[in-house]
There are 2 protein chains.
Amino acid sequence: MKVPAHARAHKRQELSVLTRHLRGQSRKITGPRQAILEILRRHPHPMTNREIFAAMPKGRCDLATIYRAMHLLEEMGMVKRFDFGDGAARFELVGEGDDGHHHHLICTRCAGVVEIDECFLREIESRIAARNRFKAVTHKLEFFGICPACQR
Amino acid sequence: MKVPAHARAHKRQELSVLTRHLRGQSRKITGPRQAILEILRRHPHPMTNREIFAAMPKGRCDLATIYRAMHLLEEMGMVKRFDFGDGAARFELVGEGDDGHHHHLICTRCAGVVEIDECFLREIESRIAARNRFKAVTHKLEFFGICPACQR
DNA sequence: AAACAACTGCAATCGGCTTGCAATTGAGCG
DNA sequence: CGCTCAATTGCAAGCCGATTGCAGTTGTTT
Ligand SMILES: [Mn+2]
Ligand SMILES: [Mn+2]
Ligand SMILES: [Zn+2]
Ligand SMILES: [Zn+2]
């Protein structure tokens, strides 16, 4: 099966990003880390560590390795952690030059996910920070409901 | 130590609410359930099951009982579940005739909590629901930052 | 007071996540 | 290219919040 040129380009670029981020921290570019980014790039929605593990070709690495890798990638700002409230962390690839902040609309029946790209709270957030004299205020927000397919 | 009259009144009222809610579902008014509501009433912020357990007079009941009670009380709409993202569910008493929906501002250093009573998203929520044809849309939102005391 | 369903305590168990340790491997260097 | 060593990994044990099966207890109804 042939890989299209643009996909190869994607991959090359992403690898270079990984390399750049790892340099200067004496971190290594390893198979598991590349595989994880590869998998995340193909997925439009946040994935659990287990899902990443399952998507990995033939037990390519241990689940513990994925947990450790996600911490590293999160620290480097290459992935963003989301919490859908079901007890399992989810991760999504962050675009270059983006901070990854956004929200989701999640179907409570089928677990389907809709990406909500705008954030409506930037303004409100600073008002709340000022009013309570908090610094470095952020927020976590997710929407839940019943999707069209699950309504009937 | 004497209990003031208004406190006794509070307690009586709350008990009657509990009774009313339990009736017709063949549920029992038990010691643990009364004790839990009593504790929650004294606390202005969401509590974990462990905290409720610790606040209980001398191992008055088992931790598992508290977990079960919180499910029941949540189902009955008497408490609201919150998620501060640290892996432990938190519960807050819901006022009568209130749905309990609100938000918090949480200090990531000292875990202090500020209650945010307004909800800014009612409007946006219905826009999102309509745009994606979802029904029964709700949201979970919490703010995080560094409180005045922790800034120095 | 009896009868029975609801409830509780206890201990086992689960699932997500972390961690200690010995073996492996990537990156820089000669 | 092969050497060296810290970084990384696999594995297994363990942590923690939460759930559950079961036998014994208790609240409610009659
Ligand atoms: Mn997303
Ligand atoms: Mn609150
Ligand atoms: Zn936002
Ligand atoms: Zn709200």
Side-chain angles (χ1 to χ4, degrees), chain A residues 15-16 18-39 46-76 78-91 111, chain B residues 15-16 18-39 46-76 78-91 111:
Chain A
L15 237 173
S16 81
L18 175 62
T19 307
R20 175 156 21 91
H21 277 101
L22 290 173
R23 284 281 155 69
Q25 306 192 44
S26 42
R27 283 356 243 281
K28 292 180 182 175
I29 299 166
T30 66
R33 290 175 185 171
Q34 294 178 45
I36 289 170
L37 291 178
E38 180 82 13
I39 289 166
M47 296 179 79
T48 65
N49 284 340
R50 232 178 186 70
E51 288 168 345
I52 295 171
F53 182 62
M56 194 135 315
K58 215 40 181 153
R60 183 84 179 59
C61 78
D62 194 82
L63 192 50
T65 300
I66 297 184
Y67 277 97
R68 288 190 270 232
M70 299 322 291
H71 278 295
L72 179 69
L73 294 172
E74 184 184 16
E75 230 165 76
M76 301 194 319
M78 293 187 68
V79 304
K80 186 96 180 168
R81 177 188 299 258
F82 292 97
D83 181 358
F84 287 3
D86 64 349
R90 279 156 215 269
F91 299 91
Chain B
L15 237 172
S16 81
L18 176 62
T19 307
R20 174 158 20 93
H21 276 101
L22 290 174
R23 285 281 152 69
Q25 305 193 45
S26 41
R27 275 17 237 273
K28 294 180 182 175
I29 299 164
T30 66
R33 291 175 184 170
Q34 294 177 45
I36 289 169
L37 291 177
E38 180 82 15
I39 290 166
M47 296 179 78
T48 64
N49 284 340
R50 238 187 175 69
E51 288 169 346
I52 294 171
F53 182 62
M56 195 137 309
K58 215 40 183 156
R60 183 88 176 56
C61 79
D62 194 82
L63 192 50
T65 299
I66 298 185
Y67 277 97
R68 288 190 269 232
M70 299 322 292
H71 278 294
L72 179 69
L73 294 173
E74 184 185 15
E75 231 164 76
M76 300 193 321
M78 293 188 66
V79 305
K80 185 96 179 169
R81 178 188 298 259
F82 292 95
D83 180 0
F84 288 2
D86 65 349
R90 279 156 215 270
F91 299 91

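Naming convention: chains lettered A, B, ... in sequence-line order (proteins, then strands); numbering from 1 in each chain.
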(request) Work out which heavy atom in B/Thr65 is nearest to a heavy atom in B/Pro32; give both atom names and the distance. (result) CG2-CB, 3.9 Å
(request) Round to a whole Å and report the spacing from NZ of A/Lys28 to P of D/dT9. (result) 9 Å
(request) Kindly point out which of D/dA18, D/dG21, D/dT9 is positioned nearest to the side chain of A/Thr65? (result) D/dT9
(message) Using every non-hydrogen atom in the two residues, find where B/Arg60 and B/Gly31 come nearest and quote the distance to one decimal.
(response) NH2-CA, 3.9 Å
(message) Nearest 0.5 Å, please: how far is CG in B/Leu72 from CD in B/Glu74?
(response) 10.0 Å
(message) Under 4.0 Å, heavy atom to any atom of DNA chain C: which of residues 56-63 of chain B qualify?
(response) B/Arg60, B/Cys61, B/Asp62
(message) In whole Å, I'd like the distance from the CD atom of B/Gln34 to the P atom of D/dG27.
(response) 10 Å
(request) Round to a whole Å and report the spacing from CD1 of A/Ile66 to C1' of D/dC11. (result) 15 Å
(message) Classify A/Arg27 by what it touches in the nucleic acid, base, sugar-phosphate, or nothing, heavy-atom distance under 4.0 Å.
(response) sugar-phosphate
(request) Check each of B/Arg27, B/Gln34, B/Arg33 against B/Thr30 using the side chain to side chain contact (heavy atoms under 4.5 Å, CB included) test, and report the only one that passes. (result) B/Arg33
(request) Can you see which heavy atom on A/Thr48 is nearest to which on A/Ala88, and at what distance? (result) CG2-CB, 4.0 Å
(message) Using whole Å, what does the distance between atom C1' of nucleotide D/dT19 and atom CG of B/Asn49 come to?
(response) 12 Å
(message) Quick check: closest heavy atoms across A/Gly85 and B/Asp83, and the distance to 0.1 Å?
(response) CA-OD2, 4.0 Å
(request) Map A/Pro32 and B/Asp86 onto DNA chain D by nearest heavy atom, then report which one ends up closer to the 5' terminus. (result) A/Pro32
(request) Identify whether any heavy atom of A/Arg50 sits under 4.0 Å from a base atom; if not, whether one sits that close to sugar-phosphate; answer base, sugar-phosphate or nothing. (result) sugar-phosphate
(message) Can you measure B/Leu72 atom CG to D/dT19 atom P for me and round it to whole angstrom units?
(response) 14 Å
(message) Is there a side-chain contact between A/Phe91 and A/Asn49 in this structure, where contact means two heavy atoms from C-beta onward sitting under 4.5 Å apart?
(response) yes
(message) With a 4.5 Å cut-off on side-chain heavy atoms, are A/Arg81 and A/Arg90 touching?
(response) no
(request) Mind calculating the distance between CZ (A/Arg33) and P (D/dG10) to the nearest angstrom? (result) 11 Å
(request) Kindly say if B/Arg68 contacts the phosphate of D/dT19, meaning a side-chain N or O under 4.0 Å from OP1 or OP2. (result) no
(request) Walking along DNA chain C from 5' to 3', note the first and the last nucleotide with an atom under 4.0 Å from a heavy atom of chain A, and give both. (result) C/dG16 to C/dA27
(request) Could you check whether A/Ala64 gets within reach of a base, just the sugar-phosphate, or nothing at all, counting any heavy atom under 4.0 Å? (result) base
(message) On a heavy-atom basis, which atom in B/Pro46 and which in B/Glu51 lie closest, and how many Å separate them?
(response) O-OE1, 4.1 Å
(request) Report the distance from atom CD of A/Glu75 to atom P of D/dT8, rounded to the nearest whole Å. (result) 11 Å
(request) Compare all side-chain heavy atoms of A/Ile36 with those of A/Val79 and state whether any distance is below 4.5 angstrom. (result) no
(request) Measure across A/Phe53 and A/Cys61 and return the closest heavy-atom pair with its distance rounded to 0.1 Å. (result) CE1-O, 2.9 Å
(message) For a side chain to side chain contact (heavy atoms under 4.5 Å, CB included) check, start with the C-alpha distance between A/Met70 and A/Ile52, then their side-chain angles and the critical distance, and finish with the verdict.
(response) CA-CA 10 Å; A/Met70 299 322 291; A/Ile52 295 171; 4.1 Å; yes
(message) Is B/His71 close enough to D/dT19 that one of its side-chain N or O atoms is under 4.0 Å from OP1 or OP2 there?
(response) yes
(message) Tell me the bend of the helix from C/dA1-D/dT30 to C/dG30-D/dC1 as the angle between end helix axes, each from five pairs, rounded to the nearest 10 degrees.
(response) 30°
